Amino acid sequence: MKRFFTPNIDARGRIIRGLMALMLFAVAAYGFTFSGWLGLIFVALGVFASFEALRGWCAMRACGVKTRY
């Protein structure tokens, strides 16, 4: 399992995922005005994107999908 979580993106990909996490947290704040569940879903997605950015790891790349960044 440790090999699965080895870093597989560069600094540019980390920045993109960090910005994506910030965007997801902003959408979550807006989503909470409609539904608590909707907000929680976007918070969970933001936490996962933050994990990818901080770890330097992309789940899609780890599964064999070629991503641009």
Side-chain angles (χ1 to χ4, degrees):
M1 198 65 154
K2 184 178 181 180
R3 186 173 168 192
F4 184 75
F5 286 108
T6 57
N8 57 7
I9 56 175
D10 59 359
R12 186 176 181 185
R14 292 177 78 172
I15 290 170
I16 290 170
R17 279 154 185 83
L19 293 173
M20 184 173 61
L22 290 175
M23 182 183 68
L24 286 166
F25 287 132
V27 171
Y30 183 69
F32 275 118
T33 62
F34 294 104
S35 169
W37 286 108
L38 182 64
L40 285 175
I41 289 170
F42 281 108
V43 166
L45 291 172
V47 167
F48 185 72
S50 297
F51 171 76
E52 284 187 331
L54 293 173
R55 181 81 173 132
W57 174 79
C58 176
M60 291 178 61
R61 281 190 173 202
C63 293
V65 177
K66 300 294 181 192
T67 61
R68 187 169 178 182
Y69 301 109

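Remember, predicted model here, so these are calculated numbers, not experimental data.
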Asker: Any idea which heavy atoms bring M20 and E52 closest together, and the distance?
Answerer: CE-OE1, 4.5 Å

Asker: With a cut-off of 3.5 Å and sequence neighbours excluded, list every side-chain donor-acceptor pair involving residues 28-43.
Answerer:
from	atom 1	to	atom 2	distance (Å)
T33	OG1	Y30	O	2.5
S35	OG	W37	N	3.3

Asker: When rounded to the nearest 0.5 angstrom, what distance separates CG in D10 from SG in C58?
Answerer: 11.0 Å

Asker: Roughly how far, to the nearest 0.5 Å, is the CD1 atom of I9 from the OH atom of Y69?
Answerer: 13.0 Å

Asker: Identify whether F4 and F51 are in the same connected component of the hydrophobic contact network (ILVMFWY, side-chain heavy atoms under 4.5 Å).
Answerer: yes

Asker: Between W57 and F5, what is the ring plane arrangement, given parallel below 30°, perpendicular above 60°, and tilted in between?
Answerer: tilted

Asker: Measuring from T67:OG1 to M60:CE, what's the distance to the nearest 0.5 Å?
Answerer: 6.5 Å

Asker: Return the minimal non-hydrogen interatomic distance between A49 and L24, and the atom names on each side.
Answerer: CB-CD1, 4.2 Å

Asker: With rounding to the nearest 0.5 Å, note down the distance linking OG in S50 to CG in L22.
Answerer: 7.0 Å

Asker: How close do G46 and F25 get, counting heavy atoms only, and between which atoms?
Answerer: C-CZ, 3.5 Å

Asker: Could you tell me the separation between the CZ atom of R14 and the CZ atom of R55, rounded to the nearest 0.5 Å?
Answerer: 9.5 Å

Asker: Kindly compute the distance separating CG (L54) from CZ (R17), expressed to the nearest 0.5 Å.
Answerer: 12.5 Å

